[in-house]
Amino acid sequence: MASEIKRRFTDAEMQIARETDLPELLSHLGYQVKRVGRFHTTAEMDSLRIKGRRTWFRYSQNTGGDAITFLQQFCEKSFPEAVEYLLTFHGKARDAPVPQPKPISQKQALSLPPRNADDRRVFAYLRKRGIAAQVIRQFLNAGLLYEDAVHHNCVFVGRDESGQAKYAGLRGTYDLDGPGFKGDTPGSDKNTGFSLPHDPRSELVLVFEAPIDLMSYLTLHRDMVNAVALCGLYDGALQTYLQAHPEIRRIALCLDADEPGQKATRQLQEKYQLQGYAVTVEKPHCGKDWNEYLQKRLCSRERGR
């Protein structure tokens with residue numbers, strides 16, 4: 001059956017479809033496309049990576065492919081519908097009418113994972129990462145962190161100014177054999193970050209990539225007041241935070257020390273300085289991020305005893 005479908009299109013038509021420029025296609029479909037280092041991604045799917053502008057991979061779902069498979073998976077199109085759409089996109093439409101892609105749903109309601117009876121695994125996992133017990137309790141008590149009942153992941157909750165949950169990032173508590181699971185809960189709004197309750201007495205906000213980095217920094221510097229984790233490198237959460245708190249005039253960018261993090265730092269520093277903010281940069285003295293730096297400091301203290 002698959003061979004019959006493919007024979008509907010010439011080799012030249014298939015090549016046109018497969019070699020579609022994905023950043024251009026996704027922008028056309030309504031996604032907010034951004035460049036991160038050598039790759040492209042989108043604000044809506046931070047785990048998506050587009051390499052060489054022709055192939056994509058989504059780490060949170062372990063799937064990937066070309067423009068055809070992207071339309072099949074994310075626009076619910078059949079193989080022939082996807083190829084027909086791409087031919088139309090390139091101005092090579094056939095005579096037959098081409099169905100339009102299904103609109104991208106950006107208003108899907110947030111679906112929080114069910115809460116576990118206790119948070120023991122999350123507490124133990126974060127303590128293993130070097131986070132101070134009082135810092136963990138601070139976020140648990142504020143309703144910004146809990147353990148999910150099914151997979152026992154850390155659930156980092158981002159809330160808007162009214163306290164309503166708008167974002168939830170997941171982090172696996174089992175990473176013995178390598179990097180643990182990471183992902184966003186369906187319906188998460190990347191324009192709402194994971195942040196500390198706002199203190200209007202300070203005009204400074206610190207900006208991190210991940211909630212664990214924010215918690216690591218707070219373990220190292222207990223006097224931190226206002227902070228937000230972008231949960232990636234898209235700065236929508238920072239924009240939302242600044243709009244809600246016009247008294248903020250200073251921004252400290254505390255992103256990862258790796259190449260994508262520092263490239264984003266340079267871009268964001270220029271962007272927000274042009275908007276009139278005083279922007280400083282702080283990065284860990286060693287390691288690729290604040291949690292790695294925290295763990296190295298703890299290890300060096302242990303050796304020094």
Is there a donor-acceptor contact under 3.5 Å linking the side chains of Tyr125 and Arg121? no

So does Thr10 get a backbone contact from the side chain of Glu13, meaning a donor-acceptor N/O pair under 3.5 Å? yes

Given 3.5 Å as the limit, does a donor-acceptor pair link the side chain of Asp119 with the main chain of Glu147, or not? yes

Sidechain N-carboxylate O distance under 4.0 Å for Lys190, Asp184: yes

Note: Leu204 and Ala252 closest approach over all heavy atoms is CD1-N, 3.9 Å

Is a side-chain donor-acceptor pair under 3.5 Å present for Asn191 with Tyr234? yes

Would you kindly say whether Asn153 and Asp148 are connected by a side-chain donor-acceptor distance under 3.5 Å? yes

Quick one: does any side-chain atom of Trp56 pair with a main-chain N or O of Asp66 as donor and acceptor, under 3.5 Å? yes

Ring-plane angle category for Trp290 and Tyr293, please: parallel below 30°, perpendicular beyond 60°, tilted otherwise. perpendicular

Can any side-chain N or O of Arg127 pair as donor or acceptor with the backbone N or O of Ile131 at less than 3.5 Å? yes

For the residue pair Gln239 and Asp235, confirm or rule out a side-chain donor-acceptor distance under 3.5 Å. yes

Using a strict threshold of under 4.0 Å (side-chain N to carboxylate O), is an ion pair present between Asp258 and Lys288? no

Taking all heavy atoms of Leu238 and all of Val205, pick out the closest pair and write down the distance. CD1-CG1, 4.4 Å

Should the pair Arg249 and Tyr277 be classed as cation-pi, given the thresholds of under 6.0 Å to the six-membered ring centre and 45° from the axis? yes

Tell me, yes or no, whether the heavy-atom count around Arg120 atom CZ, taken from other residues, nucleotides or ligands under 6.0 Å, exceeds 12. no

Check: Phe208 ring centre within less than 6.0 Å of Phe194 ring centre: no

Could you report the tightest heavy-atom contact between Tyr167 and Thr192, atom names first, then the distance? CB-O, 3.4 Å

Sub-3.5 Å donor-acceptor pair from the side chain of Arg54 to the main-chain atoms of Glu19, do we have one? yes

For Arg49, does the CZ atom sit with more than 12 other heavy atoms under 6.0 Å from it, leaving out its own atoms? yes

If you draw a 6.0 Å radius around CD in Gln273, do more than 12 non-hydrogen atoms from other residues or ligands fall strictly inside? yes

Counting only heavy atoms from other residues, nucleotides and ligands, does the tally under 6.0 Å from CZ of Arg201 exceed 12? no

Residues, nucleotides or ligands: over 12 heavy atoms within 6.0 Å of Lys283 NZ: no

For the ring pair His198 and Tyr241, is the centre-to-centre distance below 6.0 Å? yes

Minimum heavy-atom separation for Val36 and Pro260, please, with both atom names. CG1-CB, 3.9 Å

